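Read the structure below first, then the notes.
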Amino acid sequence: DALFSQIAAFVAAADQIEWIWTKDIVDAVWEARRARRMRDQVLELGRSRAMKRVVENLLQDKRATTEFNKDVSKVVSSWMGPGGEAKMAEFLAQYGLDPSAIAAETFLNRAQVYEQADRMAANADKRRDGLLREIERRRAWRAQHFRDAANIVDAEAEDVTAERPRSGSLQISDKSPNDKRTKARD
């Protein structure tokens, strides 16, 4: 999918372990997105219940009437249709409130579920960040490992160079180490 392709291009996995981590990063990103979407839907789903509670509290003086529940339902249902936000604002203004009172009531009723979904998203983000840091650490370790190996090779090359004769002339022998005739004569 597109998200995996984008993240894989960004990570540029160097080996199988980094590919596994890349898939885990994508999974964490999806999990965080789902948790945030759920968190937002939790508030939206609780909105109509919050509207009803606010209206019930505001119309408390009419609670004794037999028409109380119908009155509450009528007010809330009028907010659901076209121009509902304006009707809600107008009704709430009569009591010195604005539509943020509905949002506050929604949050109060759904805070626990909202916070749980928010924690799920945060945990997924932490897991994603941890995997990215682990890839970075592993790459830094490998780079240091290669630098150390290069330093060893350079040091050995210097030792070999130091052992060569400094006279500037090459000493060539006509004896071959594999030549049986030469070995037999010596």
Side-chain angles (χ1 to χ4, degrees), residues 1-14 16-141:
D1 85 313
L3 180 64
F4 181 82
S5 298
Q6 290 173 345
I7 291 175
F10 173 76
V11 171
Q16 293 294 12
I17 292 172
E18 288 186 10
W19 276 110
I20 292 169
W21 288 341
T22 300
K23 184 191 177 310
D24 290 346
I25 290 167
V26 172
D27 291 345
V29 168
W30 276 115
E31 186 178 326
R33 285 182 178 183
R34 276 191 300 272
R36 285 188 181 92
R37 198 168 37 250
M38 182 177 68
R39 178 195 63 194
D40 296 341
Q41 289 174 350
V42 160
L43 292 180
E44 189 57 38
L45 290 172
R47 192 165 188 255
S48 63
R49 181 189 224 171
M51 287 183 213
K52 184 178 178 187
R53 290 178 133 223
V54 168
V55 173
E56 287 173 346
N57 288 335
L58 294 175
L59 298 179
Q60 222 171 35
D61 58 333
K62 296 181 183 180
R63 194 175 286 273
T65 67
T66 58
E67 301 293 315
F68 177 74
N69 288 332
K70 286 182 183 176
D71 290 344
V72 169
S73 294
K74 183 179 175 185
V75 170
V76 171
S77 64
S78 74
W79 295 352
M80 301 295 189
E85 291 292 321
K87 291 176 186 175
M88 180 193 322
E90 183 181 326
F91 176 85
L92 293 172
Q94 295 172 27
Y95 298 92
L97 299 173
D98 62 27
S100 66
I102 303 297
E105 181 69 24
T106 303
F107 185 76
L108 288 173
N109 291 325
R110 298 294 186 146
Q112 187 176 5
V113 177
Y114 182 90
E115 289 171 6
Q116 186 177 11
D118 201 41
R119 277 192 307 274
M120 289 170 57
N123 287 338
D125 288 342
K126 285 179 188 175
R127 198 166 51 257
R128 177 206 60 214
D129 294 345
L131 287 163
L132 288 169
R133 277 192 303 277
E134 193 59 34
I135 289 172
E136 188 177 328
R137 269 186 247 146
R138 188 167 191 267
R139 287 179 178 175
W141 175 84

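Worth saying up front: this structure is predicted, and the values here are computed from it rather than measured.
- Heavy-atom contacts from other residues, nucleotides or ligands closer than 6.0 Å to CD of Q94 number more than 12.
- In this structure, M80 and S48 approach most closely via the heavy-atom pair CE-CB, 3.4 Å.
- The shortest non-hydrogen separation linking A35 to M120 is CB-CB, 3.9 Å.
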Full working for side-chain contact (heavy atoms from CB on, under 4.5 Å) between L59 and Y95: CA-CA 10 Å; L59 298 179; Y95 298 92; 3.4 Å; yes
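- Screening residues 31-87 for ring pair (Phe, Tyr, Trp, His ring centres under 6.0 Å) gives W79-F91 as the qualifying pairs, with residues at least two apart or on separate chains.
- Screening residues 32-60 for ring pair (Phe, Tyr, Trp, His ring centres under 6.0 Å), with sequence neighbours left out, gives no hits.
- Contact annotation: the side chain of Q60 approaches that of N57 to within less than 4.5 Å [non-hydrogen atoms, C-beta and beyond].
- Residues satisfying the side chain to side chain contact (heavy atoms under 4.5 Å, CB included) criterion with E85, sequence neighbours excluded, are R47, M88.
- Cation-pi geometry between R33 and W30 is met: under 6.0 angstrom from the ring centre, within 45 degrees of the axis.
- Applying the side chain to side chain contact (heavy atoms under 4.5 Å, CB included) rule to D24 yields the partners I20, W21, D27, L131; only residues at least two apart in sequence or on another chain are considered.
- With sequence neighbours left out, K74 forms a side chain to side chain contact (heavy atoms under 4.5 Å, CB included) with no residue at all.
- Shown here for A117 and M38, the closest heavy-atom pair between the two residues is CB-CE, 3.6 Å.
- The side-chain hydrogen bond (donor to acceptor under 3.5 Å, both in side chains) search around D98 returns S100, not counting sequence neighbours.
- Taken to the nearest 0.5 Å, the NZ atom of K70 stands 13.0 Å off from the OG atom of S77.
- With sequence neighbours left out, the side-chain hydrogen bond (donor to acceptor under 3.5 Å, both in side chains) criterion links E134 to R137.
- The CZ atom of R34 sits 12.5 Å away from atom CD of Q41, with the distance rounded to the nearest 0.5 Å.
- Partners of V11 by side chain to side chain contact (heavy atoms under 4.5 Å, CB included), not counting sequence neighbours, listed by chain and number: I7, T22, I25, L132, I135, R139.
- In this view, D125 and R36, R128 satisfy the side-chain hydrogen bond (donor to acceptor under 3.5 Å, both in side chains) rule, not counting sequence neighbours.
- Taking the ring pair (Phe, Tyr, Trp, His ring centres under 6.0 Å) definition, one finds that F107 meets it with Y114, sequence neighbours left out.
- The shortest heavy-atom contact between A50 and T106 is CB-OG1, 3.1 Å.
- Counting only heavy atoms from C-beta outward, the side chains of L58 and V75 never approach each other to under 4.5 Å.
- Qualifying side-chain hydrogen bond (donor to acceptor under 3.5 Å, both in side chains) partners for E105, counting only residues two or more places apart in sequence or in other chains: R53, N109.
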